[in-house]
Amino acid sequence: MKGAFETGLVIIFGMMFMVMGIDYMRVILVNNKARLYAENILAIIEHQNRYDYDVEELIQNSSVKCSVCQYHIQEHDESSNRLWIIVTFPIEMNHLNYFTQSEVRLLTRPIA
């Protein structure tokens, strides 16, 4: 009886830690995917050395995608020839009932 009780406790607490680990791993994977997506957009813009409709189309047709991410590009406040690339993505930790949005911000080199 004592062994069954101990086994039950180990299974219950083990499953709790397993659920927590899966949630944390999901956050890490989405963060890495968003960072890769932002770096790909940055590489496309810097390779073209401009940002216009054609570059936007290249970004849309790129093979690197993130299904849960959204991006927008805005001008830098202090330097008008640099751009901020901002990719937002959700962070969900169901076991803590925690849901929020996070972002990855990258700054381009000066664009001609």
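Keep in mind that this is a model prediction, so the values were computed, not measured.
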Before we go on, tell me: are the rings of Phe17 and His95 under 6.0 Å apart, centre to centre? no
For the atom pair CG (Leu42) and CH2 (Trp84), what is the distance rounded to the nearest 0.5 Å? 11.0 Å
dist Thr88:OG1 -> Gln101:CD (nearest 0.5 Å) comes out at 5.5 Å
Short side-chain to backbone donor-acceptor contact, [X] and [Y], under 3.5 Å:
X	Y	result
Asp23	Asn94	yes
Lys33	Ser67	no
Asn61	Glu57	yes
Thr108	Leu83	yes
Arg109	Glu46	yes

Looking at every non-hydrogen atom in both residues, tell me the closest pair between [X] and [Y] and how far apart they are.
X	Y	value
Cys69	Val87	CB-CG1, 3.7 Å
Ser62	Asn40	OG-ND2, 2.7 Å
Glu92	Val27	O-CG2, 4.0 Å
His76	Leu107	CD2-CD1, 3.4 Å
Val68	Pro90	O-CD, 3.4 Å
Ile59	Lys65	O-NZ, 4.2 Å

Please answer: with hydrophobic residues joined when any side-chain heavy atoms are less than 4.5 Å apart, are [X] and [Y] in the same cluster?
X	Y	value
Ile22	Tyr98	no
Leu96	Ile91	yes
Ile86	Tyr71	no
Met20	Met93	yes
Ile73	Leu58	yes

Does any non-hydrogen side-chain atom of Ile41 lie less than 4.5 Å from one of Leu106? no
Do the side chains of Arg82 and Ile111 get nearer than 4.5 Å, heavy atoms only? no
For [X], is the [atom1] atom crowded, meaning more than 12 foreign heavy atoms sit under 6.0 Å from it?
X	atom1	result
Tyr24	OH	yes
Phe5	CZ	no
Gln70	CD	no
His72	NE2	yes

In sequence, state the C-alpha distance, the side-chain angles, and the governing distance for Phe89 and Cys66, and then conclude on side chain to side chain contact (heavy atoms under 4.5 Å, CB included). CA-CA 9 Å; Phe89 59 96; Cys66 179; 5.6 Å; no
Please evaluate residues Ile11 and Thr7 with respect to the criterion side chain to side chain contact (heavy atoms under 4.5 Å, CB included), reporting the C-alpha separation (whole Å), side-chain torsions for both, the decisive distance (0.1 Å), and the verdict. CA-CA 6 Å; Ile11 288 173; Thr7 304; 4.0 Å; yes
Side chain to side chain contact (heavy atoms under 4.5 Å, CB included) for Asp52 and Glu56? Distances and angles first, verdict last. CA-CA 6 Å; Asp52 56 10; Glu56 181 70 31; over 6 Å; no
